[in-house]
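Note on naming: letters A, B, ... go to the chains in the order of the sequence lines (proteins, then strands), and numbering restarts at 1 for each one. Heavy-atom basis, side chains included; hydrogens, waters and symmetry copies ignored.
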2 protein chains.
Amino acid sequence: MITNKNCIIRLSRYKNALYRLRDLGFVKVFSDNLADAIGVTASQVRKDFSLFGITGNRKGGYEIASLLEKLGGILGKDRIERVIIAGAGHLAYALMHYRGFEKEGIKIEAAFDIDPLKFAKNAQIPVLPMEEMKDFVVSNNIKVGVLAVPEVGAQRAADTMFAAGIKGILNFAPLRLKAPNDCAINNVNLEIELENLVYFVNVLEKKG
Amino acid sequence: MITNKNCIIRLSRYKNALYRLRDLGFVKVFSDNLADAIGVTASQVRKDFSLFGITGNRKGGYEIASLLEKLGGILGKDRIERVIIAGAGHLAYALMHYRGFEKEGIKIEAAFDIDPLKFAKNAQIPVLPMEEMKDFVVSNNIKVGVLAVPEVGAQRAADTMFAAGIKGILNFAPLRLKAPNDCAINNVNLEIELENLVYFVNVLEKKG
DNA sequence: ACTTTATTGTGATTTAATTCACAATAAATT
DNA sequence: AATTTATTGTGAATTAAATCACAATAAAGT
């Protein structure tokens, strides 16, 4: 079982690039096309595929349709992925309205909050009380959630999610969540991303 | 000049942890406290510091105040970092209202859009026409921007930003931007983050 | 049928990142 | 003042990731 995060991210990128190529009418692709598309070397592409037992045709490259199928299978995205959001603030709202998820087979099923003013049981994506999360998650068999609450309530909301049966959290709160070790956490920390950018902008400035 | 992205990200995390410790009243810290706080090894912490010439006191650990100063200097965040946003949709709105930036010394100065319905020249954070970006960026000497427009307009908006003098972009659009090579791009791709999470949730499920 | 050409697949090699291990040493203790 | 103890700082060793290099080979051309 390969658990190199960068490698898995590359698989996602290959998949995205392949969708584009397919939509342009392409049927086959070579390792160096894919490499150019996502900005790596051709041998990196082949090595990644090799690691997961994906093979193409010598001289003939890879068939896009079959590659997409294999990548979907590996990434566990061969069906629609249903997710919930903890928190119904501005970020949650932005995510609920983000059009990019649909075409990736990601569906946000509901958001949960503690503030009764936010509740909207009959909205297209309902906003429900936190206490209803467990029932919802269990009956809809949901495994993945987004944590989009302010820092102060974040660990508590995460614990609610774990108790409900969520096994993976995409965490936007700027702290390190404590999690059971059968659960996965991916952090998106915007402050750190911006700070990182500032560093590299300064580095480039000094260089040039 | 160290350009290992993970290492720089760790420096930011150390800094965050140090703020917390300081706010709790701590004055000194040992490498293994920091290591625990951000989830790495103590020698990783010391090695990272050593790489940047940060030294502590043998037997005495590191003084938090001085560490914070040094980290701020390295990360180029010794002053307030002013940024703009391209796009004034839901995500931009969420970012403009995000309280976490202020305490990190990040200030969003303005957003820019092509849709006149979005304009709000006198709002606390003004929303201005794209054409005014260059003037604004030049006269405010801004170097960093967030790209929060839909995929179709993303490269165009990025080009506008580069033309205005922006040198670093935090990109939320799910594509690989073409950029001048004196400019830095950090990508935040939510689809990929979620897909990645799905993979690791599946891995953990098979393991357990 | 034979030759050339283009591309894969992967073992070997290189490079980069992390961890180990311990000398150096400053503070605390006796 | 000598001894013990705790911690840093870093070179050496290890591990992990990326790249190289080329044999294998399928298709195309002659």
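The pair B:Lys15-A:Glu195 counts as a salt bridge, with a side-chain nitrogen and a carboxylate oxygen less than 4.0 angstrom apart. Between A:Lys134 and A:Glu132, none of the side-chain N atoms (NZ, or NE/NH1/NH2) sits under 4.0 Å from a carboxylate O, so this pair counts as no salt bridge.
Applying a 4.0 Å cut-off to non-hydrogen atoms, the residues of residues 4-42 of chain B that approach DNA chain D are B:Phe30, B:Ser31, listed by residue number. Shown for residues 43-69 of chain B: residues whose heavy atoms fall under 4.0 angstrom of DNA chain C, namely B:Ser43, B:Gln44, B:Arg46, B:Lys47, B:Arg58, B:Lys59.
Remark: A:Lys70 engages no residue in a salt bridge (Lys or Arg N to Asp or Glu O under 4.0 Å) (not counting sequence neighbours).
Checking B:Asp159 against B:Gln155 by side-chain atom types alone, a donor-acceptor pair falls below 3.5 Å. One side chain, A:Tyr98 or B:Glu191, offers a donor N or O that lies under 3.5 Å from an acceptor on the other. No hydrogens or angles considered: nothing links the side chains of B:Asn57 and B:Lys59 as a donor-acceptor pair under 3.5 Å.
The aromatic rings of B:Phe112 and B:Phe136 lie perpendicular to each other, with more than 60° between the two planes, well past the 30° mark.
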